[in-house]
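Below, chains carry the letters A, B, ... as their sequence lines are ordered, and counting in each starts from 1. Side chains included, hydrogens not; waters and symmetry mates left out as well; all remaining heavy atoms used.
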Protein chains: 2
Amino acid sequence: MSIVFQKKANPNVSVDCVVFGFDGSDLKVLLVQRDLRDNLVEGDDTLVLPGDLIFDNEELDDAAARVLTNLTGLRNIFLEQIGAFGSPKRLLKERDQNWLKAIRLEPNARVITIGYFALVNIKNYKIKPAGFAKHLLWHDYDTVAELGFDHNVILNGAITKLRNKLYREPVGFKLLGKEFSLHQLYTLYNEIMGGDIDRRNFRRKMLKTGFLKETENYQEGVPHKPARLYTFVKKEFDNASKNNFKFY
Amino acid sequence: MSIVFQKKANPNVSVDCVVFGFDGSDLKVLLVQRDLRDNLVEGDDTLVLPGDLIFDNEELDDAAARVLTNLTGLRNIFLEQIGAFGSPKRLLKERDQNWLKAIRLEPNARVITIGYFALVNIKNYKIKPAGFAKHLLWHDYDTVAELGFDHNVILNGAITKLRNKLYREPVGFKLLGKEFSLHQLYTLYNEIMGGDIDRRNFRRKMLKTGFLKETENYQEGVPHKPARLYTFVKKEFDNASKNNFKFY
DNA sequence: TTTCAAAGTGTAATTTTTACACTAAGTTTG
DNA sequence: CAAACTTAGTGTAAAAATTACACTTTGAAA
């Protein structure tokens with residue numbers, strides 16, 4: 001091993017959030033135009049994930065939560081780290097370089113970002129927009145095109161993590177309202193898992209878990225037989241998870 | 001939302017590696033004394049994970065690989081990111097503060113570290129020690145006590161990741177030699193999964209996967225019936241993984 | 001040649017998964 | 001107001017996977 005002088009890096013660190021929502025039939029992801037996200041940047045309509053540089057003395061998780069609260073006004077959103085994305089090449093696209101200048105980082109500054117993913121109920125979000133939330137858009141996950149920075153990479157990391165998680169834990173409920181029909185839950189699982197799940201078997205399996213408690217309420221305003229609504233009972237899951245339950 | 005001036009952080013970034021090994025009966029993890037790891041630091045025998053600050057213009061994965069190559073002389077080691085650990089409180093212990101001074105970072109410098117986990121075959125490691133490898137020790141995973149920095153947290157992240165991964169992919173083979181007995185594989189799974197797996201069922205399940213190819217070789221030097229040795233056939237796994245195979 | 005230690009082998013009961021089609025209920029339309 | 005439409009809701013049988021469980025084989029060592 002030869003000892004070579006190499007400068008140690010002293011990078012900036014940001015967080016970027018992949019916020020998933022579900023509108024009843026499609027999986028959505030929250031995107032923002034870069035010039036609306038970073039208000040020093042003008043005339044750059046590239047779509048990016050919501051994010052920001054972290055503050056001094058701020059926990060990484062808190063930085064992600066701050067970004068989300070500023071966006072949606074919601075607090076206590078489900079939020080989990082995906083990992084660090086720190087390639088020195090991640091800001092080499094011309095538009096990204098312009099962004100670097102605009103936010104007044106040194107020309108060759110290195111920015112390492114920590115990716116997070118969040119699950120929110122679109123309806124809750126609609127009720128309480130806040131801050132620069134008006135600039136946000138729910139984009140169909142399936143049709144997301146090229147994003148700024150390396151945000152497509154982060155998005156891929158997020159969907160993988162979401163699928164793995166959904167397989168093990170009932171996080172899907174976080175994307176739905178407090179009460180939901182089994183059909184909504186089924187559609188959600190099918191959409192996220194990219195799957196082809198049998199409707200009857202899904203219903204039986206979910207009900208057997210005991211996580212679902214039926215309410216006395218039914219769908220309203222639908223032009224057909226209304227479905228019974230259920231709620232998620234966390235306590236039951238906490239017991240069952242010891243039993244190593246596996247979802248689809 | 002009020003706009004408040006808050007200084008953006010400009011932290012240093014390091015990588016730390018949780019290197020797992022398996023000696024045939026116990027899961028091991030590679031640790032090093034801090035004063036031997038960071039050669040500017042004197043008289044600090046706190047145990048830490050091997051790690052280093054990243055270089056300018058170096059990929060995060062490459063930084064982790066560099067640390068491992070310097071340690072073991074091995075290249076192309078299986079290595080996967082665990083995530084970022086960036087609490088502002090992670091260096092507050094007195095010994096950690098002394099470390100900050102010793103490596104000449106500013107007193108309140110913030111260091112964010114990216115955790116990695118690696119799986120190596122202990123025997124390969126023994127064959128080719130290199131660099132400062134002589135300072136390393138294989139510590140029993142089960143009996144690791146308090147480490148420096150937040151390295152216990154990183155270690156917990158690593159074992160969780162390893163278990164999840166082992167459940168889905170045949171990474172266990174990376175901890176064994178090229179040829180291994182079913183008993184070795186069994187012991188490994190039992191140890192990592194903290195499990196209580198039925199020996200006969202394990203054998204049947206593993207053989208049925210088709211990932212294992214029997215060789216004409218047998219254990220040598222054991223005072224009992226020698227076991228047949230097997231190798232791992234990656235091609236078979238790549239097919240089977242489409243079939244959503246699940247390990248223990 | 002006996003003893004010891006781990007290798008190697010099979011089966012039956014239970015549980016889980018899968019595939020698959022009709023009836024019920026409420027709304028809309030003619 | 002009856003027919004048509006749409007989604008809700010239900011059961012069963014076959015196949016596959018999982019679990020629990022005990023004895024024989026083989027080679028080395030005593």
Side-chain angles (χ1 to χ4, degrees), chain A residues 23-26 166-168 176-177 179-191 193 195-231 240-248, chain B residues 23-26 166-168 170 176-177 179-191 193 195-231 239-248:
Chain A
D23 68 356
S25 63
D26 292 303
L166 198 61
Y167 184 78
R168 291 289 205 156
L176 299 169
E179 301 193 345
F180 48 84
S181 69
L182 281 169
H183 177 72
Q184 288 174 307
L185 189 62
Y186 169 75
T187 308
L188 172 68
Y189 269 77
N190 239 344
E191 174 77 6
M193 300 311 255
D196 188 28
I197 303 172
D198 183 272
R199 196 170 60 89
R200 276 177 292 183
N201 293 337
F202 177 84
R203 172 183 287 265
R204 174 155 21 97
K205 187 166 184 177
M206 278 294 161
L207 287 175
K208 193 173 50 155
T209 65
F211 307 162
L212 299 182
K213 191 171 133 206
E214 66 176 38
T215 70
E216 294 309 309
N217 304 327
Y218 291 82
Q219 271 186 314
E220 284 174 18
V222 288
H224 54 75
K225 179 176 179 180
R228 183 187 283 277
L229 301 181
Y230 292 79
T231 56
S241 65
K242 285 167 203 147
N243 293 328
N244 201 24
F245 181 77
K246 276 155 241 156
F247 284 82
Y248 283 90
Chain B
D23 69 357
S25 63
D26 293 303
L166 198 60
Y167 183 78
R168 290 293 207 151
L176 298 169
E179 300 193 345
F180 48 85
S181 70
L182 282 169
H183 177 71
Q184 289 175 305
L185 189 63
Y186 170 74
T187 309
L188 172 67
Y189 268 77
N190 240 344
E191 174 77 7
M193 300 311 255
D196 188 26
I197 303 172
D198 183 90
R199 195 169 61 86
R200 275 177 292 182
N201 294 338
F202 177 84
R203 170 183 288 265
R204 174 155 26 96
K205 187 166 181 176
M206 278 293 162
L207 287 175
K208 194 172 48 153
T209 65
F211 307 163
L212 300 182
K213 191 170 132 206
E214 66 177 37
T215 70
E216 293 310 309
N217 304 326
Y218 292 82
Q219 270 185 314
E220 285 175 18
V222 288
H224 54 74
K225 179 175 177 179
R228 182 187 284 277
L229 301 181
Y230 291 79
T231 56
N239 292 336
S241 65
K242 286 168 203 147
N243 292 329
N244 201 24
F245 181 77
K246 278 155 240 155
F247 285 81
Y248 283 89

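Between the CE atom of B:Met206 and the P atom of D:dT18 there is a distance of 12 Å, given to the nearest Å. Per the geometry, CG belonging to A:Leu207 stands 10 Å off P belonging to D:dG9, to the nearest Å. Rounding to whole angstrom units, CG of residue A:Leu185 and P of D:dG9 are separated by 13 Å. Across the protein-nucleic acid pair, A:Arg228 atom CZ and D:dG9 atom P stand 8 Å apart, rounded to whole Å. Spacing between atom CZ of B:Phe202 and atom C1' of C:dG8 amounts to 15 Å, rounded to whole angstrom units. Straight-line distance from the OH atom of B:Tyr218 to the C1' atom of D:dG27: 12 Å, rounded to whole Å. Taking atom NZ of residue A:Lys205 and atom C1' of nucleotide D:dG11, one finds them 19 Å apart after rounding to whole Å. In this structure, B:Lys208 places its NZ atom 19 Å from P of C:dG8, rounding to the nearest Å.
For D:dG9, the OP1/OP2 oxygens have a side-chain nitrogen or oxygen of A:Arg203 closer than 4.0 Å.
Between the side chain of A:Glu191 and the backbone N or O of A:Leu188, no donor-acceptor pair lies under 3.5 Å.
Put simply, OH on A:Tyr230 and CG on A:Leu207 are 5.0 Å apart, with the number rounded to the nearest 0.5 Å.
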Collect all protein-nucleotide pairs involving nucleotides 1-7 of chain D in which both atoms are nitrogen or oxygen and the distance is under 3.5 Å.
none

Short heteroatom pairs, N/O only, protein and nucleotides 19-22 of chain C, under 3.5 Å:
residue: C:dA19; atom: N7; partner: A:Asn201; partner atom: ND2; Å: 3.1
residue: C:dA19; atom: N6; partner: A:Asn201; partner atom: OD1; Å: 3.3
residue: C:dA19; atom: N6; partner: A:Arg204; partner atom: NH2; Å: 3.4
residue: C:dC20; atom: N1; partner: A:Arg200; partner atom: NH2; Å: 3.3
residue: C:dC20; atom: N3; partner: A:Arg200; partner atom: NH2; Å: 3.2
residue: C:dC20; atom: N4; partner: A:Arg200; partner atom: NE; Å: 3.4
residue: C:dA21; atom: N6; partner: A:Arg200; partner atom: NE; Å: 3.3
residue: C:dA21; atom: N1; partner: A:Arg200; partner atom: NH1; Å: 3.2

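By the salt bridge (charged side-chain N to carboxylate O under 4.0 Å, His left out) test, A:Asp26 pairs with no residue at all, sequence neighbours left out.
No side-chain heavy atom of A:Arg228 sits less than 4.5 Å from a side-chain heavy atom of A:Gln219.
The aromatic rings of A:Phe202 and A:Tyr186 sit perpendicular, their planes meeting at an angle over 60°, well past the 30° parallel limit.
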